[in-house]
Structures are given as structure tokens and as C-alpha cells.
Enquirer: 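For reference, the structure I am asking about is given below.
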There are 2 protein chains.
Amino acid sequence: MAPGDDSRTATEGRRTMFAAERRQRILELMHANGAVSLRDIAQAVQSSEVTVRRDLRILEADGLLNRHHGGATLPGALATLPGALSREPTYAQKAQVAAAEKAAIAELAASLVEDGDAIVVGAGTTTQLFAQQLTRHAELAVVTNSLLVAQALANAPRVEVVLTGGTLRGAILALVGSAAERSLAGLRVRRAFISGNGLTAERGVSTPNMQVASVDRALAAAAEEIVVLADHTKIGVDTMVQTVPTDEIDHLVTDDAAPRDVLDELANRAVRLHVARP
Amino acid sequence: MAPGDDSRTATEGRRTMFAAERRQRILELMHANGAVSLRDIAQAVQSSEVTVRRDLRILEADGLLNRHHGGATLPGALATLPGALSREPTYAQKAQVAAAEKAAIAELAASLVEDGDAIVVGAGTTTQLFAQQLTRHAELAVVTNSLLVAQALANAPRVEVVLTGGTLRGAILALVGSAAERSLAGLRVRRAFISGNGLTAERGVSTPNMQVASVDRALAAAAEEIVVLADHTKIGVDTMVQTVPTDEIDHLVTDDAAPRDVLDELANRAVRLHVARP
DNA sequence: TCGTTTCTGATCGGATCTGATCGAATAGTA
DNA sequence: TACTATTCGATCAGATCCGATCAGAAACGA
């Protein structure tokens, strides 16, 4: 015994985390990112993957999250996570395509928004990233048909988020149908930020789904100016249903890998170009 | 029993620390660090771990802290890590209250839903769990103002989800406001499953927020029968705004820890009771 | 001074938590 | 469809922690 001995190995400060503390931390990670891979959690809480797996099992039993191969998501939510989870392959895959370009486009597009604006935001992986950039704006009013856009702005204190009603399209977590279009009828905002699956100089923005196209048209009709967000993989691509013709597009935000000739032709048709460099 | 009673006669001038003094220091340590390990406490107050353990047990009985394996934390906040990203403590905390009971309630309530039904589901942690139980139902139509309910059912292939429009209330991820209420105006479904913050026999369901209350009323008005989901922590509790009076409640789904007298009184008023056992 | 009460510390058995490993299941790819 | 690489689940082992019991020390009253 050596109570007065002061040559102790000072373990203080880096106290090991309690189990409850660790689980709370996991929940915070979940709410911050929507979805987290098991490996990332293990690293974040400085525990083994086995322990994290156990925690996830407990938290799932309490209904606080959903487990998947490779990680977990918030109940219902799905993620734009590097590679891991794939309950929803289509969406996760879409988010992976040109991820860096999309992030750069989102950031550049956000600079087109000013404090006090009222805007409309469509559904899509790019517009979701775009919405995340808007959390710091003040006195913003955002109308959207995308649950992911709405969630991205849910905690922004000075942004008012209005969701259109409508039928949920699960694959993209967006609202479609006549109810969605009707709720946009009397609306008038400054700018609409929409995406799509393809954009050509001849036919403008297009998407393969008719319901989605119909809503996108209604979104566009509610705005004075239309801003299209499209990474280079979509430029020059035409899909089934036209949503916004070229002459109605006011701005295009894309990245520097987009084919030059299509951009030139778009510029000739009075589309103002904003090229992001990832 | 008087082992915990330590209102000792103050023998002044002694150098040994009194029990009350030691416990006070423990509380100071807790408030300074949020969470402290048992070993650190023992070293800080120059006592054995056994004694500290005893103190923690007493302090926990007084509700002044929560014990865990290896130490203790403050009752309210577990989020104490430097640079913690507690984005949404309120919702996560709410979900943890009576989590097992809520899960059992959700499961029992789901048995009240039949294939082919059209139902309305309100916002809340319990209704979210309830929605997760519905994914296996077929030909179901679900109308909700909760983003979490909608997301829980997003991937259910045979469930049609309709979201009301409205302004997003970020803290609970639900849609409120006149737009939400208007979109429910012409609707008629078989049953409404709603929650709330309190339920008494005299005043029925209540919630502390007026906007939420208004939407809940609109949800209830759209259904032939009203089913209330409330765990025992809400039974006998009255909050500010009444949403559904008792005589309009057709079913109550709760757990077996609910106070007997309130349940009896509710049964007297024609509320059918469903008691889940976690 | 003595006995009683209360508090503190030590020890031991049992319980809990954590980490590692291996077979089984799952997702992605050709 | 078949194959391969992860990932999951179950089991086991080690370490830590908790609770209960017992013994010693200090304080109080007679």
C-alpha cells in the first residue's frame, strides 16, 4: 500500500467510455449522418466491431435504429454512405456516381441562394447535398417534395421547410401524384433548384418516370427562375419524359467534366453556366 | 433503516472528511465532468472504491446521478464528449423512455390493422415503431404527417404511403400548419392511430404544442375510429392542449404498468383497452 | 472506561462487459 | 447462376466490476 505515492500512471482524462455513453454516442452519430458503417462507429467510439455490433443489436431492439449489413441507419432513413449499406441499391448507387462532382455542384449552387429567399428544391442526390449546404442561410423558405431535402434542413433554425403533400415514392423518398402538384398550384417563389436524369440542349431536362416528371414540372412552374443541377454523367443524356424544356432553364450548375459541345449549345440558348471544379 | 442518514453532529475541526462532504464532492466532480469513473472518484476523494460505490448507490437513490458499470453519469445528459455533436437530443431521449413498453404497444396496435385497411398515423416515437410493424401488411394505405412514419414504410412494397403537406417541425420531423390540416379535409379512413404527450380520463389526449394539437385533431377527424397509443408514462398526465376528448377515443393501447384507476375510468367511458406486456 | 452505533475498508463469489475466433450467411461480381 | 469477399452470429476466455459479508476504527452516551 502506498497512498502517498504520487508516481502513479495517470490514466485520468482518457477515461474509458461507459456502455450507455457509447450507445448514446452511436445514436448521435446516427442522427448526424443518417447512416453509419459499423467500422466507422467502432473507430469513433474506440471499441471493437464486436462490441459495436452488440450495441447496435440492443439499440435496434429498442427501435432506435435499423441494422443492415455493414452498418445501421435511422429507422426508415437510408443513406448516402460510401459503399456500405444497400437496402436501397438504386439510391445508394446513384449517390456514389460522381460523388465529388455532386458535392462541388451543390456547394456552387448554394451560392446562388441569398438570405431571405424563397426557393423550391426538387428530389435527387445532388439536391440533397445542395440542401445540406443551406443550413447556414438565414430566413430561408424552402418548398420541396423530397423527404431527404426536408430532413437535411430539419435542424436548421432559421430555415422554414414546407413539404408538399402527396404519395410517397419509396425508391427516391419523394412525394408525387396529383396531391403534390395541387399543393404547388398557388405557389410563387424566386428560384427552383431541380435535378433530373438527363439534360440535352435539344430537349432540356428529362427523367424516366412520368409521375416524377409531372411533379418536377409543377415545381418548375412555381418559380421565376429555374436552376438545374446536373453532373457531367447526365449532360448529353436523354431519358423518356421531358420535364423542363431548354428555353425555360435559366441556370445550369455542373462540373468541369461535362462535354464542352453540349455546354456551348446550352449557352447559345441563353442558359447561364456555372461550372464547379471538384 | 438508517445507514443512509448521515445528519451527524458537526464535530468541527476534524481533518477526516464527513460522508456528506464526500458526497458533495462527488456531485461536484459529476457536474464538472459529466461522467466520472469510479476509480477516479475514489482517488479524488481519497476513499476506497467500496465506499464510493456505497455513496453512488445513495446518490442514485436520491436521483442525483445515474450509475453505470465503471462509474456514474449525470441524470440528464449523457452527451458530454468534447466536440460531441448532439444534434437531436430531445428525440433520442424521448425514444429511450419506456422503449420496451413502446415496442410492445406498437406490436399490439399493429394487430388492430387488417390487410386492405386505410388508416391515418400521427407523429410520435410510438407511432414510428408502430409503422415499422406494418411493413408486412398488404394493400395498406397509410396517411401520415410524420416523416419518420413515412420513411419506416418507404420500402414496404405493398403499402401506399401518403404524406400530408405542411410546414416541417424539425424537432419531431412532423408536418404541421394549415396546409397539413387542409390536405386532410376531404379524407375518410377507417382508423386513426395517434399518440400524444398525456392522456387522462377527464380530458382525453393532450399535447404541449398548439400546432401539433391542431393537426392531431385533423388526423382524428378523418377516421371513423380513433386508436390512441400511449405508454404508462403518459397515462394520467395532462398537458396544455387537448387534442382528442375521451368520448371520441375508441381504443387505447398501453402497457401493463399504466395506473389501474385511470384505466378503469377510461373503460367506464367506453374506451376499449388493449394492454401490452413487454 | 465500556458498550453500542455508525462508518470504512477488505475479501470473495458471481455477474457483466469486452474482445477474439470460427463456421454460416449475405452481398457483390463475373 | 456460381464464386469470392465481407459480414454476421455464436461461443469461449479474460478482465473488470458489483454485491454481500465480515472485521476494524472512530464517535457517542452512560
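All heavy atoms count here, side chains included; hydrogens, waters and symmetry mates do not. Residue numbers start from 1 in every chain, and the chains themselves are labelled A, B, ... in the order their sequence lines are given, proteins ahead of strands.
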Enquirer: Taking the minimum atom-to-atom distance to the side chain of T51(B), which one of dT18(C), dT8(C), dT16(D) wins?
Expert: dT8(C)

Enquirer: Taking OP1 and OP2 of dT18(C), is either one under 4.0 Å from a side-chain nitrogen or oxygen of R22(A)?
Expert: yes

Enquirer: Please identify which of these residues, T127(A), L252(A), L229(A), meets the side-chain contact (heavy atoms from CB on, under 4.5 Å) condition with I105(A).
Expert: L229(A)

Enquirer: Got a sec, which residues hit side chain to side chain donor-acceptor pair (under 3.5 Å) with T135(B), two or more places apart in sequence or on another chain?
Expert: none

Enquirer: State which residue, out of L148(B), T144(B), V161(B), fulfils the side-chain contact (heavy atoms from CB on, under 4.5 Å) condition with L153(B).
Expert: V161(B)

Enquirer: Can you tell me how far P of dC17(D) sits from CD of E60(B), to the nearest Å?
Expert: 17 Å

Enquirer: When H232(A) is tested against each of D256(A), T254(A), D255(A) for side chain to side chain donor-acceptor pair (under 3.5 Å), which residue passes?
Expert: D255(A)

Enquirer: Using whole Å, report how far CD of Q46(B) lies from P of dT8(C).
Expert: 14 Å

Enquirer: Do H68(A) and T73(A) have side chains that approach each other closer than 4.5 Å (heavy atoms only, starting at C-beta)?
Expert: yes

Enquirer: Less than 4.5 Å apart, any side-chain heavy atom of V212(A) and any of I172(A)?
Expert: yes

Enquirer: Tell me: CZ of F18(A) to C1' of dC18(D), nearest whole Å?
Expert: 14 Å

Enquirer: Under 3.5 Å, which N/O atoms of the protein pair with N/O atoms of nucleotides 8-10 of chain D?
Expert:
{"residue": "dC8(D)", "atom": "OP1", "partner": "H68(A)", "partner atom": "O", "Å": "3.3"}
{"residue": "dC8(D)", "atom": "OP1", "partner": "G70(A)", "partner atom": "N", "Å": "2.8"}
{"residue": "dC8(D)", "atom": "OP2", "partner": "R53(A)", "partner atom": "NE", "Å": "3.1"}
{"residue": "dC8(D)", "atom": "OP2", "partner": "R53(A)", "partner atom": "NH2", "Å": "2.8"}
{"residue": "dG9(D)", "atom": "OP2", "partner": "R67(A)", "partner atom": "NH2", "Å": "2.4"}

Enquirer: Whole angstrom is fine here: how far is it from CZ in R23(B) over to P in dT6(C)?
Expert: 14 Å

Enquirer: Does OP1 or OP2 of dT7(D) have a side-chain N or O of R39(A) closer than 4.0 Å?
Expert: yes

Enquirer: Please figure out whether R54(A) or S47(B) has its closest DNA chain C nucleotide nearer the 5' end.
Expert: S47(B)

